Amino acid sequence: MNPISRRNVLTAAAAGGLLTAATAATAQSGEPVPQPQRPGHGGTDPGPRNILRDRQNPDLLVPPATDHGTLPNLRFSFSDAHMRLESGGWTRQVTARELGVSKNIAGVNMRLNAGGVRELHWHKAAEWAYMLHGTARITAVDAKGRNFVDDVGVGDLWYFPAGIPHSIQGLNPDGCEFLLVFDDGDFDEDNTFLISDWFKHTPNEVLAKNFGAPASAFGHTPDPSKLYIFPAPVPGALASDKIAGATAVPQSFSHRLMAQQPIKTKNGTVRISDSSSFPVSTTIAAALVEVDPGGMRELHWHPNTDEWQYYIEGQARMGVFGASGQARTFDFRAGDVGYVPFAMGHYVENTGTTPMRFLEVFKSSYFADVSLVALRVFDCTGAGTVSTVIPRG
């Protein structure tokens, strides 16, 4: 076979393989393979390509005609984050290293098996948490030696100020999973202050002098890497972990968000938590938003800081307006993180057939937003007003 005819055969075979792959994808899903085109624009994508990802991100593959400019990436999924597996559970994180625009906030998703312990530790950033699954016991001690211990369940929050030592343990029957939010985008979950790590790097004679115990008592300190998240017996009732005679912290480090009466509208509900309802949470404010199918979190912006988002349930798309004609649209599913830089206008629309829930999180002591509905700004085309999730006065 001469080189020309051989090349033609190989080209045809490759094209046939791509066509077969596209046909197979259509047959498996029952849906046509999405293509980056709209009438008069774009064209087909013969591949290579990840069709599953294209189906999950239709507004990246075929952006609305109103999208324009070079806004940065505002989405990252925990599913694309490195998973650290430990003997008592697992953890993964989305920080400024994964989502470059997120300079103010970092997020960690952690799972503790029943009995699994996140070792007593502290860090330079404050820690805010939302419980996603199961139950956990949290403990802390403040700078004056005052004690805190509580059990938390799905929808509960906790907040530990920067520098406060604390621990977390999964309870029966199935441990827990939670979202941690830190008020520093460069936070690194692998760079926290651990008791075992400090002991390991302090001479035994110094530890002996400090604690008034024989130096030999400190000769078998476990390797810190084995205690990051480790298995342990499930503790007894909460009362058994409370120290008799201990002074309690003046402000609770936990908060029952779901006990708050939600703000209700025809499109969904919202529960807001900031320092007015959760006094100790002085650097993180948040809103738990639920949007019904067909509903939308209205066109709005936040006048105080950036918005960091975590999608809990359902499907959504978010359109972001960055001024000077810049706009971009992103699609979200459960486990995804979204970000909106300071003052940029945006909306979040439920694109699925079930309720969509997500967290809006802010590095601020208070929640604030400005609504186009409240400003009575209307579409000049006469399309009408949009419905709001958070009602306005």
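As the structure is a prediction and not an experimental result, all values here were calculated from the model.
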*Can you name the side-chain hydrogen bond (donor to acceptor under 3.5 Å, both in side chains) partners of Arg256, sequence neighbours left out?*
Asp150, Asp156
*Should the pair Arg297-Glu349 be classified as a salt bridge under the 4.0 Å nitrogen-to-oxygen rule?*
no
*Taking only residues two or more places apart in sequence or in another chain, which ones pass side-chain hydrogen bond (donor to acceptor under 3.5 Å, both in side chains) with His302?*
His300, Glu307
*asked:* We want to know whether Thr269 and Glu290 form a side-chain donor-acceptor pair, criterion being a heavy-atom distance below 3.5 angstrom.
replied: no
*Check the side chains of Asn109 and Gln93 for a donor-acceptor pair under 3.5 angstrom, ignoring hydrogens and angles.*
no
*Not counting sequence neighbours, which residues clear salt bridge (charged side-chain N to carboxylate O under 4.0 Å, His left out) with Glu98? List them please.*
none
*Any ring pair (Phe, Tyr, Trp, His ring centres under 6.0 Å) involving residues 97-120? Give me the pairs, sequence neighbours left out, ordered by first then second residue.*
none
*Hey, are Gln309 and Tyr311 close enough side-chain-wise for a donor-acceptor pair under 3.5 Å?*
yes
*Among all residues two or more places apart in sequence or in another chain, which pass the salt bridge (charged side-chain N to carboxylate O under 4.0 Å, His left out) test with Glu119?*
none
*Just by distance, with hydrogens left out, do His166 and Glu127 show a side-chain donor and acceptor under 3.5 Å apart?*
yes
_Donor on one side chain, acceptor on other, Thr192 and Arg118, under 3.5 Å_ = yes
*Report yes if the distance between the aromatic ring centroids of Tyr130 and Phe178 is under 6.0 Å, otherwise no.*
no
*Regarding Gln37 and His41, is there a side-chain donor-to-acceptor distance under 3.5 Å anywhere?*
no
*Taking only residues two or more places apart in sequence, or in another chain, which ones meet Tyr228 in a ring pair (Phe, Tyr, Trp, His ring centres under 6.0 Å)?*
none
*asked:* Please enumerate all residues that pass ring pair (Phe, Tyr, Trp, His ring centres under 6.0 Å) together with Trp122, with sequence neighbours excluded.
replied: Phe193
_Selection residues 208-220 - residue pairs positive for salt bridge (charged side-chain N to carboxylate O under 4.0 Å, His left out), sequence neighbours left out_ = none
*Return the set of residues passing salt bridge (charged side-chain N to carboxylate O under 4.0 Å, His left out) with Asp197 (not counting sequence neighbours), or none when no residue passes.*
none
Can you give the donor-acceptor pairs under 3.5 Å from side chains of residues 278-289 to other protein atoms, not counting sequence neighbours?
residue: Ser281; atom: OG; partner: Ile284; partner atom: O; Å: 2.7
residue: Thr283; atom: OG1; partner: Tyr159; partner atom: OH; Å: 2.7
residue: Thr283; atom: OG1; partner: Asp183; partner atom: OD2; Å: 3.0

*Can you name the side-chain contact (heavy atoms from CB on, under 4.5 Å) partners of Asn350, sequence neighbours left out?*
Val291, Pro293, Met356
*asked:* Please list all pairs meeting salt bridge (charged side-chain N to carboxylate O under 4.0 Å, His left out) that have one or both residues in residues 161-178, counting only residues at least two apart or in different chains.
replied: Arg111-Asp174
*Could Arg92 and Asp80 be called an ion pair, given the rule that one side-chain N must be under 4.0 Å from one carboxylate O?*
no
*Under-4.0 Å salt bridge between Arg49 and Asp54*: yes
*asked:* Are His346 and Phe321, when compared by the centres of their aromatic rings, separated by less than 6.0 Å?
replied: no
